[in-house]
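Here the structure is laid out as structure tokens; the discussion comes afterwards.
Because the structure is predicted, anything quoted here is derived from the model rather than measured. All ligand and atom numbering here is 1-based and tracks the order in the structure.
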Amino acid sequence: MSLMDKSPKKYNVIIIGGGPAGLSAGIYTARARLKSLLIERGAIGGQILNTEWVENYPGFPDGVSGIDLTEAMHKQAEKFGLETLLADVTGVKLTDVQKTVETSEDSYAAQAVIIASGSERQKLGIPGEAEYTGKGVSYCATCDGAFFRDKPVAVVGGGNAAITEALELTKFASDITVIHRRDELRATKILQEKAFTEPKIKILWDSVVDEITGDTFVKKVKVSNVKTKKKSTLNVAGVFMAVGFKPNTEYLKGAIKLDKNNAIITDDKMATNVPGVFAVGDIRSGSIRQVISATGDGAVAAVNAEKYITGL
Ligand SMILES: Cc1cc2nc3c(=O)[nH]c(=O)nc-3n(C[C@H](O)[C@H](O)[C@H](O)COP(=O)(O)OP(=O)(O)OC[C@H]3O[C@@H](n4cnc5c(N)ncnc54)[C@H](O)[C@@H]3O)c2cc1C
């Protein structure tokens, strides 16, 4: 290549995002001897770095830290030859046979692209939320519910996610207060019926959380009624935020078919509507947003990306 040659560096596969989904895709593509590049804009490991202890990933009966788990995945992928680039993916051109991924650093080309850029959990932005995240404030009942055995908790939200979280928490918590800013739930009727008949669940209507307080761990939530303006305080050990997800799909700018929540639609091969482009993990429509599903998706996409490239 001459010094004037600006053609992008070529790979067989580019993986966007270095969480569990991207890392496991990388283990499989690199091990299949496909020249593979993983691009991550933050820290390698993804969202699971935000939790101290993962208790539901198979193979770790005593649990494992998110850092140790994903460091091991990264080491394993690099052992097989995965290249890693720390850069922000800012755009993509996916229609040609050689697909281009633009980053804050440079442009890169590949025959297949695996999108693994995850979803952000929507934050309320209230005082105490950031401070107590991991110390009573949680965004995932499946992940953290078991830490609240026989303790009172609150769930914030009124959609399917909030009611599903509240129902999941009935297995552990002593009682669950769903704090919802409207006077009716947005969740499907069947979920509403389950919530209304569940003795552990109480709903605090027309209410918003103003602040979360505590000492080392959460102790209280301060709540306001949006109609009466009356303020109250609940004693809780945990607050589960279920106010939605924001898939990291901005850089795709219409290149891929998304669902109404901006999550990527895939088939059972993790293929998107664009040939040679796959999506895995939390960014995928219908994902259960767990490490186990993210890693499984990564393997499925990698095997199918290899088939796409080799034509077998
Ligand atoms: C506090 C917390 C606790 C959790 N606990 C558990 C648990 O106990 N068990 C469990 O199974 N799951 C748990 N989860 C869920 C789990 O973390 C996710 O399901 C999993 O990380 C999803 O993996 P992913 O690779 O799809 O996405 P992510 O982990 O979100 O990784 C996506 C990566 O893509 C990167 N990225 C995004 N946009 C770009 C871009 N434009 N350019 C480059 N890179 C980009 C991000 O920086 C990120 O690193 C928890 C989540 C949280 C937040």
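Within a 6.0 Å radius of OH in Tyr28, no more than 12 heavy atoms belonging to other residues, nucleotides or ligands are found.
Counting only non-hydrogen atoms, the option in Ile48, Thr133, Thr90, Ile39 that gets closest to atom 17 (O) of ligand 1 is Ile48.
The residue Thr103 has no part lying near ligand 1, judged by heavy-atom distances below 4.0 Å. Contact annotation for Ala116 and ligand 1: only backbone heavy atoms (N, CA, C, O) come within less than 4.0 Å of the ligand. Contact annotation: for Val291 versus ligand 1, heavy atoms closer than 4.0 Å belong to both the backbone and the side chain. When heavy-atom distances to ligand 1 are checked against a 4.0 Å cut-off, Arg121 comes that close only through its side chain, counted from C-beta outward. Contacts with ligand 1 closer than 4.0 Å are made by no heavy atom of Ser287, backbone or side chain.
Ser119 and Asp282 share no donor-acceptor pair across their side chains, judged by distance under 3.5 Å alone. For Ser104 and Asp88, the side-chain atoms include no donor-acceptor pair closer than 3.5 Å. Tyr11 and Lys9 share a donor-acceptor pair across their side chains, judged by distance under 3.5 Å alone.
Ring geometry for Phe278 against Tyr308 counts as perpendicular: the plane angle is over 60°, on a 0 to 90° scale with 30° as the lower cut.
Closest to atom 13 (C) of ligand 1, if we only count protein heavy atoms, is Cys143 SG, 3.1 Å.
Within ligand 1, counting atoms from 1 as listed, the ones closer than 4.0 Å to a heavy atom of Arg289 are 15 (C), 19 (O). If you number the atoms of ligand 1 from 1 as listed, the ones under 4.0 Å from a heavy atom of Pro20 come out as 21 (O), 23 (O), 25 (O), 29 (O).
Among the atoms of Gly281, none of the N or O lies under 3.5 angstrom from an N or O of ligand 1. Ligand 1 has no N or O atom lying under 3.5 Å from any N or O atom of Glu55, backbone or side chain. For a threshold of 3.5 Å applied to N or O pairs, the pair formed by Asp282 and ligand 1 contains at least one separation below that value. Some N or O of Asp88 is nearer than 3.5 Å to an N or O of ligand 1, by distance alone. Among the atoms of Gly17, none of the N or O lies under 3.5 angstrom from an N or O of ligand 1.
Under a 3.5 Å cut-off, the side chain of Glu198 and the backbone N or O of Thr170 do not form any donor-acceptor pair.
Each of Lys220, Lys231, Lys222 was compared with Asp210 under the salt bridge (charged side-chain N to carboxylate O under 4.0 Å, His left out) criterion, and only Lys231 meets it.
Asp206 meets the salt bridge (Lys or Arg N to Asp or Glu O under 4.0 Å) test with Lys227; sequence neighbours excluded.
Pairs passing the disulfide (SG to SG under 2.5 Å) check and including a residue from residues 98-204, sequence neighbours excluded, read Cys140-Cys143.
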